[in-house]
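A short write-up of the structure that comes next.
Here the structure is a predicted model, which means the values were calculated and not measured. Because only heavy atoms are used, hydrogens play no part in the values below, and waters and symmetry mates are left out as well, while side chains stay in. Protein chains get the first letters and strands the later ones, always in sequence-line order, with residue 1 at the start of each.
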Amino acid sequence: MKEKYPFQEIEPKWQAFWHERKHFHVNTASPENKYYCLMMFPYPSGTLHVGHGRNYIIGDAVARYKMMRGKRVLTPMGWDAFGLPAENAAIKTGTHPRTHTLENIARMKDQLSAWGCGYDWDREVTSCLPDYYTWTQWLFLKFHEHDLAYKGRAPVNWCPSCATVLANEQVVDGRCERCETEVDRKELEQWFFRITRYAERLLNDLDTLDGWPERVKAMQRNWIGRSEGTRVEFTLAPRDDEKTDESSVIPCFTTRVDTIYGCTYMVLAPEFPGLETLVKGLPEEQAVLDFVRNARRMNTAERTAEGDKNGVFTGRYVINPYNNERIPLWVGDYVVLEYGTGAVMAVPAHDHRDFAFAKKYDLPIRLSIQNPEQSLRVENMDEAYDGDGIVVDSPPFSGMPNREAIAKMTGYAAEKGFGGAVTQYRLRDWLISRQRYWGAPIPMIHCPACGTVPVPEKDLPVLLPEDAEFRPKGESPLASSESFMNVDCPKCRQPARRESDTMDTFVDSSWYFLRYLSARDDTRAIDTETCDRWMPVDQYIGGIEHAILHLLYARFFTKALYDMGWVHFEEPFARLFTQGMITKRSEKDGLLYKMSKSKGNVVDPAELIREYGADTVRLYTLFIGPPEREAEWSDQGVEGSFRFLRRIWKRVYDHRDLLESARDIRPELDRMNQPERDLYRKTHESIRRITRDLEGAFHFNTAIAQIMELMNAVDESGITADSPEQARAVFREAMETVILLISPFAPHIAEELWTELGHEPGILRASWPEFNEAALYRDEVEIVIQVNGKVRGRVSVSAEADKESLEREALEHEQVQKWIEGRTVRKVVVVPGRLVNIAVS
RNA sequence: GCCCGGGUGGCGGAAUGGCAGACGCAAGGGACUUAAAAUCCCUUAUCCGUAAGGAUGUGCGGGUUCGACUCCCGCCCCGGGCACCA
């Protein structure tokens, strides 16, 4: 055994060992003791920094811990390999994105193994290769077959820099999530997935996900945005010029139907369908058209910025079905088409937006809810009252508490046939078309005669053409490849054109966790039987940035596949853990940032591994703080973790004779003296504590602190090779425990020392230690004595001491006497084994 | 505005309603060394005190309790999500 901790030698050795012994391979034929431990598969950017590493290190620690607890752990890995960066690099350098991507994958695989992370590489999936995207396309066809994929014309988000459309989920504050360019609105024909059909189930089933962070569930609830309200159909008042309208009703959605008698006008969204015909030929027509054109020119950010509200009168009127009142119809830029019906009943007295609009355009304000103080007068109002109260001036509902009136008035609408209760969602259908090259082609064909025709399953995959022009032009690069575009219609055999858009990469990642279970199966996408055995994922680990996007889409896919009968579970991820970001102070401005090249604050793991070893990087990453929270990387902290590992190594080296001599001696509690008992107890306390830290929440930081404490206790024990037999036995057990407990975190050193101690190689196959209840017992305990809640003394007593004797002992304590002298003892609280509190006055 | 988190030493952070600050980092002092590195030992919340000891202290203000970082009520600040969503 080497004296100096030879991390550079042992780490590659054990990595090769795990690989050769296939320690991370698992047979999914039986579900017995299964544990599916999944990490979000990475985009192959080429280089991982220590911030990315947190994800894999946590996952690997969990996998190793569960293996030692006897689970058959599946930890697969793969690559979310389609996407813009590779394509952008291709545009710049001329290298094909595939070449670039595959090189990056090779590099990242090496990085992951250098970290000591083990995976079942036989199940590797790479979403950009035909053996994967064939099945992504197949799933698209299934979705199409079940009316979950459709082509529709709609105003969509267009990123001018990426030259593609984006899903709602990919627009953040009116900007492209990727490149932060302001997003424009465009009206285009695009492919959508009908996720809104699942809104209710996606929302309700969140309640079944006990193993998910509340935060993520809250974000999804917000995003789905369910709100219950009332649909009210207003009748369009006939035109003065007696021309007829296409439709005579304008429905609107409201959550506050109780205020409808205060409705003094109605507002349409500028994009409201049929608006042009509504105003055709009226004196107001030109003003309306100008207003609409202007509103449409604005990008999403400008349009949605709260503040000034603009609008224009249409020259038309609608009838409020509750009181048959004729009210003016306006167009306003604060009404959004996509939500509700694109029409809003305006109640300025009870809605702050309507209030501002009415003030600006001098529209009437009428009270219909009186506050409990009865103090509201329209003349005095300088803001809308949106609180509860009593319905007024609303016959026959006047006098009702407004909450009650909502139900009554909604019922009334249903009864009279002009509306009723409806549930509205904020969630929109998922736009999946992308006008880019590096994605899975949408397997559809446009035939002049037959229309849009799906590619027959037997013709899959629709391969990406090799001769496409990448440079983005607003049209998909695939359109530039004639060999790709020209195809015969599968129905009528006449010349037709392929769909030239590719799929959003979030489609690829919505089902990869199913594919891992049958990654090499070239006959079908999903192996239903194996999925039934091994799904759901027991533990999913990834970044919080996917709280909505990926995690919502994957849930949607699972539910859709459930309905189609391909899987028999509705939720894919039983437990979810989201780790916090690792930040580092920028040397430029001294501020904290997420690690990124542009901020110049990335820490390269390769350098650290060379200098300290992978175990140090792992240990530090896990010790840095609670794993779900953000943490600041500290170079000194790394040093500290290194020192600790080196210290463990040195103890084993220095005491190798002692450890060897104790090989066959079992610790026996009755034969131990006090210091031996203390170390024995500390050992078993540590096992208990650490096991508890790892079950449920992953408290790696406190688990590691506890190992450090145990190590401190080993050093303080003063046991040497000359110590008596029991001392040596206890010492050996303590050191073995340190090695076992640290092995999920620092597996290389643990493997090495484990064999050094004479065990068979392969600590992963060793069992996690169990604590001995008897070891935890103390016969003497220190009791704290408080006077009025303040500690005034402490006393050592037998663990069995009863309340009476503890109270006596406390009252007689010398220091304590000083504090109770001359005062009245009102009460004495005794908590056996802990403290005595004497209340005096 | 609504919904989630969070606020504890110089720093990262610990604490089933029961000794606040485990563990680590940093800092200071010492041992070893010709010297340095490494290692080991000691100190380290704040204030008063030579000390024994005392007072204060977990964002702020109240409350419950023998006892509150922890529970309840009302605020403040920081981070995140949603938002002219009717």
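Taking atom CG of residue A/L427 and atom P of nucleotide B/rA83, one finds them 12 Å apart after rounding to whole Å. For the pair A/K4 NZ and B/rU39 P, the interatomic distance rounds to 11 Å; values are reported in whole Å. Taking atom NZ of A/K790 as the reference point, atom P of B/rC19 lies 14 Å away to the nearest angstrom. The OH-P distance, from A/Y334 to B/rA86, rounds to 13 Å in whole Å.
Checking B/rC4, B/rG6, B/rC19 against the side-chain heavy atoms of A/V784 singles out B/rC19 as nearest. Of all nucleotides listed (B/rC66, B/rG6, B/rA86), B/rC66 comes nearest to the side chain of A/V829.
Pairing partner, B/rG10: B/rC25, with both Watson-Crick or wobble hydrogen-bond distances short of 3.5 Å. As the counterpart of B/rG17, no nucleotide is assigned, since no Watson-Crick or G-U wobble pattern has both distances under 3.5 Å. Summarising the base pairing, B/rA55 is matched to B/rU46 through a Watson-Crick or G-U wobble pair whose two defining distances lie under 3.5 Å. Within the shown strands, B/rG1 is the pairing partner of B/rC82 under the Watson-Crick or G-U definition, both distances less than 3.5 Å.
When every heavy atom of A/L806 is checked against every heavy atom of A/P832, the shortest pair comes out as CD1-CA, 3.9 Å. Heavy atoms only, all atoms of each residue included: A/F291 and A/P270 are closest at CE2-CG, 4.4 Å.
Counting non-hydrogen atoms under 4.0 angstrom, A/N837 reaches a base of the nucleic acid. Nucleic acid contact for A/D354: none, since no nucleic acid atom lies under 4.0 Å from a heavy atom of the residue. Residue contacts shown for A/R689 are limited to sugar-phosphate atoms, with no base heavy atom under 4.0 Å away. Among the heavy atoms of the strands, none lies under 4.0 Å from A/R221. No contact: A/P213 has no heavy atom under 4.0 Å from any strand. Residue contacts for A/R651: at a heavy-atom cut-off of 4.0 Å it reaches the sugar-phosphate backbone alone, with no base atom in range. Residue-level contact check: A/Q786 touches the bases, meaning some heavy atom is under 4.0 Å from a base atom. A/R215 comes within contact range of the sugar-phosphate backbone alone, with a heavy-atom separation under 4.0 Å but no base atom that close. Using a 4.0 Å heavy-atom criterion, one finds that A/K650 contacts no nucleic acid atom at all. If you check every strand for non-hydrogen atoms under 4.0 Å, A/I624 touches sugar and phosphate atoms only. As judged by a 4.0 angstrom heavy-atom cut-off over every strand, A/V791 is placed among residues touching the sugar-phosphate backbone only.
A distance of about 24 Å separates the C1' atoms of B/rC19 and B/rG7, rounded to the whole Å. For the P atom pair drawn from B/rA68 and B/rC4, the interatomic distance equals 28 Å after rounding to whole Å. Taking the P atom of each, B/rA22 and B/rG10 are spaced 14 Å apart, rounded to whole Å. Between B/rG67 and B/rA15, the distance separating the two C1' atoms is 16 Å to the nearest Å. When the C1' atom is compared between B/rG62 and B/rA55, the two are found 24 Å apart, to the nearest whole Å. Atom name P, nucleotides B/rU16 and B/rG6: the rounded distance is 15 Å, in whole Å.
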For nucleotides 47-53 of chain B, print each protein N/O atom paired with a nucleotide N/O atom at under 3.5 Å, atom names and distance only.
none

Just the atom pairs and distances: protein N or O near nucleotides 24-30 of chain B's N or O, under 3.5 Å.
{"residue": "B/rC25", "atom": "OP1", "partner": "A/R643", "partner atom": "NE", "Å": "3.4"}
{"residue": "B/rC25", "atom": "OP1", "partner": "A/R643", "partner atom": "NH2", "Å": "2.8"}
{"residue": "B/rA26", "atom": "OP2", "partner": "A/R643", "partner atom": "NH2", "Å": "3.3"}

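Surrounding CD of A/E214 are more than 12 heavy atoms belonging to other residues, nucleotides or ligands, all under 6.0 Å away.
With hydrogens and angles left out, the side chain of A/R834 and the base of B/rC19 share no donor-acceptor pair within 3.5 Å.
No side-chain donor-acceptor contact under 3.5 Å links A/S227 and A/Q424. Using a 3.5 Å distance cut-off with no hydrogens or angles, the side chains of A/K360 and A/N310 do pair a donor with an acceptor. Between the side chains of A/Y620 and A/D635, not a single donor N or O lies within less than 3.5 Å of an accepting N or O. For the residue pair A/R629 / A/Q579, no side-chain donor-acceptor distance below 3.5 Å is found, with atom types taken as modelled.
Taking 4.0 angstrom as the limit, A/S227 places a side-chain polar atom (N or O) nearer than this to OP1 or OP2 of B/rA86.
In this structure, the side chain of A/R426 does not engage the main chain of A/G225 through any donor-acceptor pair within 3.5 Å.
Between A/Y361 and A/Y265, the gap from one ring centroid to the other reaches at least 6.0 Å. Here the two rings, on A/F577 and A/F698, have centers that are under 6.0 Å apart.
Below 30°, between 30° and 60°, or above 60°: for A/Y5 and A/W649 the angle between ring planes is between 30° and 60°, a tilted geometry.
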